[in-house]
Peer 1: 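The structure's right below; bear with me while I get my questions together.
None of the values given here were measured: they were computed from a predicted structure. Residue numbers begin at 1 in each chain, while the letters A, B, ... track the order of the sequences.
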Protein chains: 2
Amino acid sequence: MGKKRSSGSPDDLSTQEKIKEAARQVFTRKGYAATRTRDIAEEAGINLALLNYYFRSKERLFHEIMLEKMQQLFGHIVPVLLTPGTTLEHKVEQLVALYMEMLTANPDLPLFVLSEIRNHPDQFASTFKVGDLLRHSDFIRQLQARRPDIHPLHFLMNLMSMTLFPFIVMPVFKAIELVDDAHFHAMMQERKTLIPMWIESMLKTR
Amino acid sequence: MGKKRSSGSPDDLSTQEKIKEAARQVFTRKGYAATRTRDIAEEAGINLALLNYYFRSKERLFHEIMLEKMQQLFGHIVPVLLTPGTTLEHKVEQLVALYMEMLTANPDLPLFVLSEIRNHPDQFASTFKVGDLLRHSDFIRQLQARRPDIHPLHFLMNLMSMTLFPFIVMPVFKAIELVDDAHFHAMMQERKTLIPMWIESMLKTR
DNA sequence: GTCTATAACCTGATAGAC
DNA sequence: GTCTATCAGGTTATAGAC
């Protein structure tokens with residue numbers, strides 16, 4: 001029985017996993033360019049050289065984390081949109097609830113992923129070629145059936161906007177003292193039921 | 001008559017202004033941390049030393065650009081929200097039209113400003129303390145009159161979300177080949193009239 | 001596997017000639 | 001004002017001892 005892989009206890013992770021966890025935190029907090037490998041090593045409680053021993057370079061480590069985070073932010077959306085046999089309303093409710101829960105636990109995930117995708121344009125371009133998959137999804141079909149007069153992407157955009165954007169703009173709202181943390185979380189809880197209601201009302205408006 | 005300040009002709013800007021313009025482009029495209037002063041100098045067609053001659057450091061130059069960009073992104077919103085004597089609908093239409101026009105010309109403005117505010121938390125925190133100003137604005141009062149049961153910030157959040165977020169997520173949508181440039185611009189044009197309609201329908205939904 | 005020490009490189013900023 | 005050359009400091013990555 002080696003000293004690694006005792007996957008339950010709090011501080012007893014393998015060194016590799018300690019580094020990854022530190023990288024997750026530092027990268028998402030400061031972004032790739034502003035992160036120094038020393039920060040990650042310090043946060044992980046290990047030496048700098050170990051980082052290069054396990055992962056060959058800063059960029060490779062970042063790449064691993066980035067794929068994880070993209071999966072975390074976008075991975076859950078596709079299965080829901082593709083699921084046949086559920087109503088449009090149900091899909092919307094499920095997506096909003098899913099995102100609100102995940103974003104409350106990871107508030108800076110969207111800003112991190114979206115800005116890093118912009119900063120490394122082609123590096124992550126073809127990672128998920130889900131364009132066609134989405135275009136022929138059950139969700140899009142249902143939207144088109146309800147509103148043939150409006151491009152279905154508008155509604156998907158609205159759903160994502162109203163759900164994700166608050167977490168992106170939150171730093172500003174807090175900076176100008178428009179909300180505090182408690183206030184913000186309360187609002188996000190309210191939005192879990194409000195957003196599906198609003199989407200529904202948009203679909204009805206003629 | 002010195003050789004500077006002939007403010008009309010295309011390439012005849014003062015050196016200082018050439019550097020600022022280059023900084024605007026490079027900073028907004030790559031962010032503060034990923035930008036090298038050499039990039040800016042090259043983009044401006046001047047020498048690196050000149051950058052430090054006119055602006056004392058990378059950080060000071062960035063600070064100037066950042067204030068400009070924050071003003072550009074948020075400065076227009078407050079006057080509209082405060083204006084008395086116009087209907088709620090009119091304010092919404094005006095805001096959406098204003099943003100759509102400005103963002104079409106500067107698509108990467110929102111992602112830049114929002115991520116840099118996060119990266120420099122306190123540096124730009126107290127720059128615009130418009131929290132109180134907003135809370136007592138005509139706009140908020142009108143929202144409260146229409147829907148005393150829902151916090152007015154929800155509607156402001158929705159307005160900003162549906163307007164700004166598409167420009168933030170656009171790089172992703174293009175990467176997964178869900179839209180191309182032409183398609184995206186067409187959608188944004190449609191949203192100029194759709195968003196006010198949707199906001200109106202949200203206000204009516206009970 | 002983990003550490004210390006250091007190499008190799010890059011970046012912001014300045015000195016000094018013109 | 002503008003340039004070339006260079007410094008000082010910091011950063012990634014590796015060599016080599018344990």
Peer 1: Tell me the interatomic distance from B:Lys58, atom NZ, to D:dG10, atom C1', rounded to whole angstroms.
Peer 2: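 Taking NZ of B:Lys58 and C1' of D:dG10, I get 13 Å after rounding.
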Peer 1: What pairs with A:Thr83 under side-chain hydrogen bond (donor to acceptor under 3.5 Å, both in side chains), at least two apart in sequence or on another chain?
Peer 2: none
Peer 1: Rounding to an integer number of Å, can you tell me how far B:Ile19 CD1 sits from D:dT2 C1'?
Peer 2: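 Distance, rounded to whole Å: 10 Å.
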Peer 1: Does a nitrogen or oxygen in the side chain of A:Thr15 sit under 4.0 Å from OP1 or OP2 of C:dT2?
Peer 2: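 Answer is yes, contact under 4.0 Å.
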Peer 1: Quick one: B:Asn52 CG to D:dG1 P, roughly how many Å, whole number?
Peer 2: 16 Å
Peer 1: So, is B:Tyr53 near the phosphate of D:dC3, with a side-chain N or O under 4.0 Å from OP1 or OP2?
Peer 2: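 For D:dC3, OP1/OP2 do not have a side-chain N/O of B:Tyr53 under 4.0 Å.
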Peer 1: So, are A:Lys20 and A:Glu17 salt-bridged, with charged N and O less than 4.0 Å apart?
Peer 2: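 No salt bridge links A:Lys20 with A:Glu17.
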Peer 1: Nearest whole Å is fine: how far is C:dC3 C1' from A:Glu42 CD?
Peer 2: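 Rounded to the whole Å, the gap is 16 Å.
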Peer 1: Name every donor-acceptor pair, under 3.5 Å, that has one atom in a side chain of residues 43-53 of chain B and the other anywhere in the protein, sequence neighbours excluded.
Peer 2:
from	atom 1	to	atom 2	distance (Å)
B:Asn47	OD1	B:Ala49	N	2.8

Peer 1: Counting only side-chain heavy atoms from C-beta out, which of C:dA13, D:dC3, C:dT2 sits nearest to B:Ser57?
Peer 2: C:dA13
Peer 1: Going by number, which of residues 27-35 of chain B have a non-hydrogen atom under 4.0 Å from DNA chain C?
Peer 2: B:Thr35
Peer 1: Figure out the CD/C1' separation between A:Gln16 and C:dT2, and round it to whole Å.
Peer 2: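 Atom CD in A:Gln16 sits about 15 Å away from atom C1' in C:dT2.
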Peer 1: Can you pull the salt bridge (Lys or Arg N to Asp or Glu O under 4.0 Å) pairs that have at least one residue in residues 72-96 of chain A, sequence neighbours excluded?
Peer 2: A:Glu89-A:Arg146, A:Lys91-A:Asp138
Peer 1: Can you list every side chain to side chain donor-acceptor pair (under 3.5 Å) pair that touches residues 164-178 of chain A, not counting sequence neighbours?
Peer 2: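 Sorted pair list: A:Lys174-A:Asp181.
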Peer 1: Rounded to whole Å, please give me the gap between CD in A:Glu17 and C1' in C:dG1.
Peer 2: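 It works out to 17 Å between those atoms.
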Peer 1: Side chains of residues 101-109 of chain A: which donor-acceptor partners sit under 3.5 Å, not counting sequence neighbours?
Peer 2:
from	atom 1	to	atom 2	distance (Å)
A:Thr104	OG1	A:Met100	O	2.5
A:Asn106	ND2	A:Met102	O	2.9

Peer 1: Quick one: side chain to side chain donor-acceptor pair (under 3.5 Å) pairs with a partner in residues 155-172 of chain A, sequence neighbours left out?
Peer 2: A:Asn158-B:Arg191
Peer 1: For residues 90-119 of chain A, pull every pair meeting ring-ring contact (aromatic ring centres under 6.0 Å, His included), keeping only residues two or more places apart or in separate chains.
Peer 2: none
Peer 1: Restricting both atoms to N or O, compile the protein contacts to nucleotides 4-10 of chain C shorter than 3.5 Å, with distance only.
Peer 2:
from	atom 1	to	atom 2	distance (Å)
C:dT4	OP2	A:Asn47	ND2	3.0

Peer 1: Whole angstrom is fine here: how far is it from CZ in B:Phe55 over to P in C:dT14?
Peer 2: 15 Å
Peer 1: In whole Å, I'd like the distance from the CG atom of B:Leu51 to the C1' atom of C:dT14.
Peer 2: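 These atoms are roughly 13 Å apart.
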Peer 1: Just by modelled atom types, is the A:Ile150 backbone N or O under 3.5 Å from a matching donor or acceptor in the B:Glu190 side chain?
Peer 2: no
